[in-house]
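Input: a single structure, listed below in structure tokens.
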2 protein chains.
Amino acid sequence: MATTPRSMMDPAALDAVDAGCPARRLLGRLAERWTGLVLVVLADGREKRFSEVAREIGNISPKMLSQTLRGLERDGLVERRANGGPGGRPVYRVSPLGAEMMEPLGALSGWAYANREALDRAREQYDATPRSEAPAPIA
Amino acid sequence: MATTPRSMMDPAALDAVDAGCPARRLLGRLAERWTGLVLVVLADGREKRFSEVAREIGNISPKMLSQTLRGLERDGLVERRANGGPGGRPVYRVSPLGAEMMEPLGALSGWAYANREALDRAREQYDATPRSEAPAPIA
DNA sequence: CCGTATCCAATGGGATACTG
DNA sequence: CAGTATCCCATTGGATACGG
């Protein structure tokens with residue numbers, strides 16, 4: 001493993017000062033609190049109603065679900081059909097664009113999962129070394 | 001393009017309620033304000049000093065650079081060598097683990113870059129549709 | 001030069017109540 | 001059911017000053 005990286009990254013993709021960089025926009029979206037979860041729930045490709053998504057996630061507030069769905073819709077990754085469900089209720093599903101994105105996203109997630117032990121070990125090791133006090137939380 | 005997605009995503013990778021999920025941790029890290037930029041700056045594999053990174057980025061405060069570097073260090077993606085530089089000053093570089101991660105990350109970034117027009121169009125289209133007022137900012 | 005400490009403004013996210 | 005509107009707290013990020 002660990003193929004020696006030559007260029008490591010396409011400079012065009014992440015050239016970014018930050019503003020217009022599409023990669024940063026995407027990453028930013030994906031890192032929002034619930035975006036990943038909503039994508040997972042919709043990843044099976046089935047159309048789902050608002051309350052279905054909410055129930056599958058379990059503890060998300062309506063405000064955050066709405067916000068998250070509209071964010072994904074705004075980026076064209078999720079589609080909302082107003083009258084798709086029973087009783088003419090709205091349904092959500094991943095768009096073709098979103099489905100395409102699942103592949104590289106899955107690759108990155110898969111990498112994180114495959115290397116979770118290395119990542120955990122790094123964290124433990126870092127935290128075990130007392131820099132002085134309270135180094136860098138996240139979890 | 002748009003290979004028809006079957007499973008779309010490895011459920012093991014993004015199973016997540018959120019807490020322990022390694023994918024979410026990684027995404028969270030990557031979405032921090034400066035993490036992507038720092039990675040870009042270090043992506044050439046060369047060792048760089050604190051002030052070098054700062055200068056290449058241009059407008060980052062010392063606090064944020066320190067914080068960002070330590071976050072990456074904590075995840076084992078960046079290494080700090082205390083006495084690597086001239087004058088025995090510390091240097092930073094991507095770790096082997098970090099270099100490995102650059103590949104899937106580059107793929108995702110590359111996807112965003114390749115599809116930036118579709119993403120932009122989706123956004124414009126969404127914003128053009130007046131839901132009522134002020135839909136969903138991010139950029 | 002390499003950071004840390006402090007202070008402060010802005011944002012994000014949660015609980016809850018309410019409307020179509 | 002499908003959201004929107006409020007209120008509020010916690011976290012993040014920026015500017016700046018200071019110490020090793």
Side-chain angles (χ1 to χ4, degrees), chain A residues 17-19 24 27-38 47-74 78-93 130-139, chain B residues 17-19 24-25 27-38 47-74 78 80-93 130-139:
Chain A
V17 186
D18 38 314
R24 270 202 81 75
L27 256 359
R29 186 67 79 195
L30 291 176
E32 286 170 11
R33 183 72 178 79
W34 299 104
T35 301
L37 274 313
V38 169
E47 294 184 327
K48 303 191 180 180
R49 287 178 297 124
F50 191 89
S51 55
E52 283 187 278
V53 179
R55 182 166 29 78
E56 289 192 39
I57 290 181
N59 56 338
I60 188 173
S61 73
K63 171 191 162 185
M64 289 316 294
L65 180 54
S66 172
Q67 210 169 285
T68 303
L69 283 169
R70 285 193 286 121
L72 287 168
E73 206 190 334
R74 186 176 194 242
V78 161
E79 285 170 355
R80 178 201 145 119
R81 265 205 312 155
N83 299 329
R89 302 202 174 280
V91 286
Y92 297 88
R93 63 172 166 186
R131 213 148 300 278
S132 69
E133 224 47 51
I138 197 187
Chain B
V17 186
D18 35 315
R24 271 203 78 77
R25 276 217 311 149
L27 256 358
R29 186 68 77 197
L30 291 175
E32 284 169 13
R33 181 75 178 81
W34 298 105
T35 300
L37 275 312
V38 169
E47 292 185 329
K48 303 189 180 181
R49 286 177 299 125
F50 190 90
S51 56
E52 284 186 277
V53 179
R55 183 165 27 79
E56 289 192 40
I57 290 182
N59 56 338
I60 188 174
S61 73
K63 171 190 163 187
M64 289 315 296
L65 179 54
S66 172
Q67 211 168 285
T68 301
L69 283 170
R70 284 194 287 121
L72 286 167
E73 206 190 335
R74 184 156 114 113
V78 161
R80 178 197 142 122
R81 268 206 310 155
N83 298 329
R89 302 203 175 278
V91 285
Y92 298 87
R93 64 173 165 186
R131 213 148 300 277
S132 69
E133 223 47 51
I138 197 186

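First the proteins, then the strands, lettered A, B, ... as listed; each starts at 1.
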With a 4.0 Å cut-off on heavy atoms, is A:P90 in touch with a base, just the backbone sugar-phosphate, or nothing at all? sugar-phosphate
Length of the CD-P vector between B:E32 and C:dT11, whole Å: 18 Å
Quick one: A:N83 CG to D:dG3 P, roughly how many Å, whole number? 11 Å
For B:R70 and D:dG13, what is the distance between atoms CZ and C1' respectively, to the nearest whole Å? 15 Å
Do the side chains of B:Q67 and B:E32 get nearer than 4.5 Å, heavy atoms only? no
Is any side-chain heavy atom of B:E52 less than 4.5 Å from a side-chain heavy atom of B:V91? no
B:K63 side-chain proximity, nearest of D:dT4, D:dC1, C:dT6: C:dT6
How is A:R55 classified with respect to the nucleic acid when contacts are heavy atoms under 4.0 Å: base, sugar-phosphate, or nothing? nothing
Please confirm whether the shortest side-chain N or O distance from B:R33 to OP1 or OP2 of C:dT11 is below 4.0 Å. no
D:dT12 phosphate, OP1 or OP2: any side-chain N/O from B:W34 under 4.0 angstrom? no
With A:R24 as partner, the option from B:L37, B:L30, B:T35 fulfilling side chain to side chain contact (heavy atoms under 4.5 Å, CB included) is B:L37
Can you check whether B:T68's main-chain N or O pairs, donor with acceptor, with B:R29's side chain at less than 3.5 Å? no
Would you tell me if any nitrogen or oxygen in the side chain of A:R80 comes within less than 4.0 Å of OP1 or OP2 on D:dG3? yes
Separation of A:E52 atom CD from D:dG3 atom P, in whole Å? 12 Å
Ignoring backbone atoms, establish whether A:S66 has a side-chain N or O less than 4.0 Å from OP1 or OP2 of D:dT4. yes
Please report, rounded to the nearest Å, how far the P atom of D:dG14 is from the CD atom of B:Q67. 10 Å
Please check the phosphate of C:dC2 (OP1 and OP2 only) for any side-chain N or O of B:R49 closer than 4.0 Å. yes
Whole-Å distance separating the CZ atom of B:F50 from the P atom of D:dG20: 17 Å
From the options C:dT16, C:dT4, C:dG14, select the nucleotide whose nearest atom is closest to the side chain of A:P62. C:dT16
Could you tell me the separation between the CG atom of B:L69 and the C1' atom of C:dC2, rounded to a whole number of Å? 11 Å
B:S61 vs D:dA15: side-chain N/O to OP1/OP2 distance below 4.0 Å: no
Protein-nucleotide distance (B:I60, atom CD1; C:dT4, atom P), rounded to Å: 13 Å
Have a look at B:L65 and tell me which of B:W34, B:Y92, B:F50 forms a side chain to side chain contact (heavy atoms under 4.5 Å, CB included) with it. B:F50
